[in-house]
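A short write-up of the structure that comes next.
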Amino acid sequence: QVQLVESGGGSVQAGGSLRLSCAVSGDTISNYFMGWFRQTPGKEREEVASILSDITTTYANSVKGRFTISQDNSKNTLYLQMNSLKPEDTAMYYCAARFRWNYGTNYWGQGTQVTVSS
């Protein structure tokens with residue numbers, strides 16, 4: 001079965017950077033549309049970024065220009081490079097996968113916490 005495992009979260013000061021990773025196992029990452037979501041207590045889950053192909057990506061307006069989503073098919077890994085972090089970026093970040101040939105097949109990681117101070 002497919003498993004997604006996030007890593008790279010942590011605590012940073014405003015203006016700092018982090019790179020999140022999502023390791024995919026059980027299937028090749030190229031079979032999926034991939035994305036990053038985040039959730040803060042008291043708010044609904046928000047889509048941060050998605051990648052459908054190497055030339056087709058989308059970003060939430062709140063992170064556009066600061067975050068970059070990418071994937072390395074040879075490593076079966078999804079990334080989210082986060083620069084110029086702001087306190088409002090504080091959230092639990094989740095990796096997600098949607099099977100290209102059946103949109104009803106979806107997988108989620110366990111989440112990794114990002115905390116931005118001051």
Side-chain angles (χ1 to χ4, degrees):
Q1 64 176 352
V2 175
Q3 289 189 319
L4 310 178
V5 180
E6 301 98 331
S7 62
S11 298
V12 298
Q13 293 184 339
S17 297
L18 286 172
R19 188 178 75 159
L20 306 184
S21 298
C22 172
V24 179
S25 62
D27 201 356
T28 177
I29 195 171
S30 65
N31 283 333
Y32 299 85
F33 301 121
M34 302 296 298
W36 290 96
F37 294 74
R38 67 187 181 186
Q39 189 165 17
T40 301
K43 294 183 61 179
E44 293 187 359
R45 185 180 297 172
E46 172 189 22
E47 181 177 318
V48 177
S50 66
I51 180 166
L52 307 184
S53 73
D54 58 353
I55 60 171
T56 306
T57 59
T58 186
Y59 298 91
N61 193 60
S62 58
V63 308
K64 194 173 183 64
R66 299 187 298 120
F67 291 9
T68 303
I69 188 171
S70 63
Q71 67 186 55
D72 186 336
N73 289 353
S74 69
K75 296 181 178 179
N76 236 33
T77 300
L78 177 74
Y79 302 98
L80 184 68
Q81 179 66 48
M82 305 186 295
N83 298 327
S84 302
L85 283 162
K86 304 175 180 180
E88 51 262 45
D89 294 318
T90 296
M92 184 73 74
Y93 283 72
Y94 298 90
C95 173
R98 170 168 284 178
F99 190 54
R100 290 182 181 267
W101 320 116
N102 185 348
Y103 286 6
T105 302
N106 303 288
Y107 301 94
W108 293 88
Q110 83 290 343
T112 185
Q113 178 68 37
V114 171
T115 302
V116 185
S117 63
S118 297

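- Using modelled atom types, one side-chain atom of T40 and one backbone atom of T90 make a donor-acceptor pair closer than 3.5 Å.
- Cluster membership check: W101 shares its hydrophobic cluster with I29, using side-chain heavy-atom separations under 4.5 Å among Ile, Leu, Val, Met, Phe, Trp and Tyr.
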Practice item. Evaluate the side chain to side chain contact (heavy atoms under 4.5 Å, CB included) criterion for residues V2 and T105: first the C-alpha distance (whole Å), next the side-chain angles of each, then the deciding distance (0.1 Å), finally the verdict. Key: CA-CA 10 Å; V2 175; T105 302; over 6 Å; no
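- Considering every non-hydrogen atom in both E47 and A60, the closest pair reads O-CB, 3.4 Å.
- To the nearest 0.5 Å, atoms CZ (R38) and CE (M92) are separated by 13.5 Å.
- The CD1 atom of I51 sits 11.5 Å away from the OG1 atom of T58 when rounded to the nearest 0.5 Å.
- Linking Ile, Leu, Val, Met, Phe, Trp and Tyr residues whenever their side-chain heavy atoms come within less than 4.5 Å leaves Y103 and Y94 in two separate clusters.
- The minimum heavy-atom distance linking L80 with A49 is given by the pair CD1-CB, 4.3 Å.
- Counting heavy atoms of neighbouring residues, nucleotides and ligands inside a 6.0 Å radius, atom CD of Q13 does not exceed 12 of them.
- V63 and V116 fall within a single hydrophobic cluster, where Ile, Leu, Val, Met, Phe, Trp and Tyr are joined by side-chain heavy atoms under 4.5 Å apart, directly or via other members.
- Remark: Q81 CD to I69 CD1 distance equals 12.5 Å, nearest 0.5 Å.
- Residues Y107 and V24 share a single hydrophobic cluster, defined by chaining ILVMFWY side chains whose heavy atoms lie under 4.5 Å apart.
- The closest side-chain heavy-atom distance from K75 to S21 is not below 4.5 Å.
- Contact of the R66 side chain with the M82 side chain is not registered, since no non-hydrogen atoms from C-beta on lie closer than 4.5 Å.
- Residues A14 and S118 share a closest heavy-atom pair of CB-C, 4.1 Å.
- Using modelled atom types, one side-chain atom of S53 and one backbone atom of T56 make a donor-acceptor pair closer than 3.5 Å.
- Between the side chain of N76 and the backbone N or O of S30 there is no donor-acceptor pair closer than 3.5 Å.
- Taking the centre and axis of the six-membered ring of F33, the NZ or CZ atom of R98 falls outside the cone set by 45° and 6.0 Å.
- The closest side-chain heavy-atom distance from L4 to W108 is not below 4.5 Å.
- Side-chain atoms of L78 and Q71, non-hydrogen and from C-beta on, do get closer than 4.5 Å to each other.
- F37 and Y79 end up in different hydrophobic clusters when Ile, Leu, Val, Met, Phe, Trp and Tyr side chains are linked at under 4.5 Å.
- Between the side chain of Q110 and the backbone N or O of E6 there is at least one donor-acceptor pair closer than 3.5 Å.
- Of all heavy-atom pairs spanning N31 and D27, the tightest one is ND2-OD1, 3.1 Å.
- Closest approach of Y59 and F67 over heavy atoms only: CE2-O, 3.3 Å.
- Scanning both residues, A91 and Q113, for their nearest heavy atoms gives O-NE2, 3.4 Å.
- From T77, atom OG1 reaches atom CE of M34 across 9.0 Å, with rounding to the nearest 0.5 Å.
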